Peer 1: 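The structure's right below; bear with me while I get my questions together.
This structure is a prediction, so every number in the text was calculated from the model and none was measured.
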Amino acid sequence: MPRFSRIFPTASIGAYLIALTAVIALPLIAFVIFLMIRLEAQQREILNSETEEDARSIARSIDRELADAGTTLRLIANSPELQGGNLQAFHGRTQRSLSGTSRFIILADAQGNQKLNTRVGFGEKLSAVSDRQGMKTVLEEHRAVVSNIIFGATSRRWVFNILLPLTPDYAQAGSVLILTQNADDLQRLISTESLPAGWSVAVLDQTGSVVTSTAARPGERGPFAPGAVELMSGVSGTIEDVGGNPRQMYGYARIAESSWKVVVWGPISSAQANIIATSRDLIIGSIALLVFGMVITYLVGRQLRVPIRQIAEMAERIGHGEIVPPIETRITEANQIAIALSNASFDRSQAEDRIHLIMHELVHRTKNIMTLIQAMMRQLARRETSMAEFQRAIGERLQGLGKSIEMLAQEQWQGVPIHRVVALHLETFVETFNRVDVCGPDIALRAEAVQNLGLVLHELATNSVKYGALSVPDGRVVLNWSVSVDDDPRLTITWEERDGPAVAEPKATGFGTTIINRHAAASFGGHVQLDYRPQGVRWSLTGPLRMFERASGDGPKDRV
């Protein structure tokens, strides 16, 4: 930034206002271009969504038509005349029931020969079924199928078939029952009224050939845009033909009753004609806004020049440590800044005093911790141990002390509930944590009590895991505390081990014993009782509640 600022000369705010009016057009024009791009992207997303939904809506209509045709075919297949082999009666009844519709029934044998066709009279000579592939599929897979578009040998028109295999009960009548329908009859199910101008709809069969289309001339059939059809994977979606002129968008949806597809397509430009008008309005509006903004910026800049100088003088005085009064200008925001600076000068003075008190408190806390660590190291150094044992012993205890300090720091040295202190130090021994029963009222411990009690609990748990009840699978520990109700309340904490190995009083005491006896008694001004009972160690500490509990005035916040 300093190097960049060197290219600007030192000048008054008036000179820079003139430069500002010259360059303000650039971000406005860029903003208009950005808005146009965003608008086009949003319109394209909407067009994609609407095109896909149009295709899905038409696909649902075609799907209902095919489902209805399939239902009709199954109902006709249950005709008693067909099951009884009376084909002439079956032909007459079916022809009457389908009169007025564009659907016809064909009965064929396993070789594909037509045995009857309701398009013509019964007994007329019929050719083989045109849909050889459909016949092969239905006979091999024994399920109803929807054929591709075919040119009917009898109807001499483009048709599609729904083929249904007949059970052996119908063997004397035929093997396959076919409902055939003119492809152009599906035109009534597709509409372009809701589509942009110049857009079309087509129904494609499994091979991608056009079954019917709003863009096709009567009788025109053929493959539909092979390159586009290959990209139409999935149930539904949209694709764009980036190489076309004009650029085309295709929305497609698969028809559930078959592998047919419905495709809605058309030029993107016709669907986004309104973007051009919107872009024109944005350009005109941006030019008007540019002119208006240049005038307003110049006038506002003149009003800002004097207050800026006055506020700069206030800031300079604050930098020298002065408490400054607010100034009054003709600009509301400048007055607010002046008031904020005045308040900041007063807050800075108070903050400096507060920092001094906090630093004093930090030094006090640090000295206490260092004293505790030094005492710990002196006690451990007195024992006849190797350097490795000394490092391990001091490391374990520093880790426990560190947890207490971290917990106090999270609470801003305001004290910690005793339940949380117990849980934190016992969870270190996670494999035995569920064998410690904890019970007692919740008490907010003062900072010193958190550190000292944490050391004691760590030693008790460590000794129990190594030698006591927690060293065997069935051993348990009961940790409880209670408060006496009298004029000088006292807190009693008891650690009692059960179902552990046999216990005997040690011949020599180590640093851990010093911590749980003398250090605990001295830290809390109380009395410690340690019993090495055969069934397990029992340790208790009784001291004045005030040595444990945090008072309302404790903590750095209250002393500041």
Peer 1: What I'd like to find out is whether the side chain of Leu47 reaches to under 4.5 Å of the side chain of Ile268, using heavy atoms alone.
Peer 2: yes

Peer 1: Can you list every pair that meets side chain to side chain donor-acceptor pair (under 3.5 Å) and has a residue in residues 76-86, with sequence neighbours left out?
Peer 2: Ser79-Glu81, Glu81-Arg93

Peer 1: Quick check: are there more than 12 heavy atoms from other residues, nucleotides or ligands sitting under 6.0 Å from CZ of Arg188?
Peer 2: yes

Peer 1: With side chain to side chain contact (heavy atoms under 4.5 Å, CB included) as the test, would you mind laying out the steps for Ile255 and Leu66 before giving the verdict?
Peer 2: CA-CA 9 Å; Ile255 299 173; Leu66 295 178; 4.0 Å; yes

Peer 1: Have Asn48 and Glu45 got a donor and an acceptor in their side chains that come within less than 3.5 Å?
Peer 2: no

Peer 1: Val176 pairs by side chain to side chain contact (heavy atoms under 4.5 Å, CB included) with which of Leu139, Leu166, Leu164?
Peer 2: Leu139

Peer 1: List the steps, then state whether side chain to side chain contact (heavy atoms under 4.5 Å, CB included) holds for Leu470 with Val477.
Peer 2: CA-CA 7 Å; Leu470 297 181; Val477 172; 3.8 Å; yes

Peer 1: For the residue pair Ser99 / Arg96, report whether a side-chain donor-acceptor contact shorter than 3.5 Å exists.
Peer 2: no

Peer 1: Test of understanding: with side chain to side chain donor-acceptor pair (under 3.5 Å), list the residues that count as partners of Gln181, not counting sequence neighbours.
Peer 2: Glu65, Arg103

Peer 1: Sorted by first residue and then second, give each ring-ring contact (aromatic ring centres under 6.0 Å, His included) pair with at least one member in residues 76-130; sequence neighbours left out.
Peer 2: His91-Phe122

Peer 1: Answer yes or no: is there a donor N or O on one side and an acceptor on the other, between the side chain of Asn182 and the main chain of Asp184, under 3.5 Å?
Peer 2: no

Peer 1: Please test Trp158 against Ser209 for side chain to side chain contact (heavy atoms under 4.5 Å, CB included), starting from the C-alpha separation and ending with a verdict.
Peer 2: CA-CA 12 Å; Trp158 290 101; Ser209 297; over 6 Å; no

Peer 1: CG of Asp63 to CZ of Arg56: how many Å apart, nearest 0.5 Å?
Peer 2: 12.5 Å

Peer 1: So, do Leu98 and Ile76 sit near enough that their side-chain heavy atoms are less than 4.5 Å apart?
Peer 2: yes

Peer 1: Is it the case that atom CG in Asp442 sees more than 12 heavy atoms from other parts of the structure closer than 6.0 Å?
Peer 2: yes

Peer 1: Quick one: sort the Tyr250 and Phe224 rings into parallel, tilted or perpendicular, breaks at 30° and 60°.
Peer 2: perpendicular

Peer 1: Once salt bridge (charged side-chain N to carboxylate O under 4.0 Å, His left out) is applied, what residue pairs with a partner in residues 113-140 remain, sequence neighbours excluded?
Peer 2: none

Peer 1: Do the side-chain N and O atoms of Thr180 and Asn161 include a donor-acceptor pair separated by under 3.5 angstrom?
Peer 2: yes

Peer 1: Could you walk me through whether Trp260 and Phe160 pass ring pair (Phe, Tyr, Trp, His ring centres under 6.0 Å), step by step?
Peer 2: CA-CA 11 Å; Trp260 290 9; Phe160 66 91; 5.1 Å; yes

Peer 1: Is a side-chain donor-acceptor pair under 3.5 Å present for Thr212 with Gln187?
Peer 2: yes

Peer 1: Do any side-chain atoms of residues 192-201 form donor-acceptor pairs under 3.5 angstrom with protein atoms, and if so which ones, sequence neighbours left out?
Peer 2:
unit_1, atom_1, unit_2, atom_2, d
Trp199, NE1, Pro267, O, 3.0
Trp199, NE1, Ser270, OG, 3.1

Peer 1: Suppose we screen for side chain to side chain donor-acceptor pair (under 3.5 Å). Which residues come up paired with Ser175, at least two apart in sequence or across chains?
Peer 2: none

Peer 1: Decide yes or no for Val203 and Ile62: does some side-chain heavy atom of the first lie under 4.5 Å from some side-chain heavy atom of the second?
Peer 2: yes

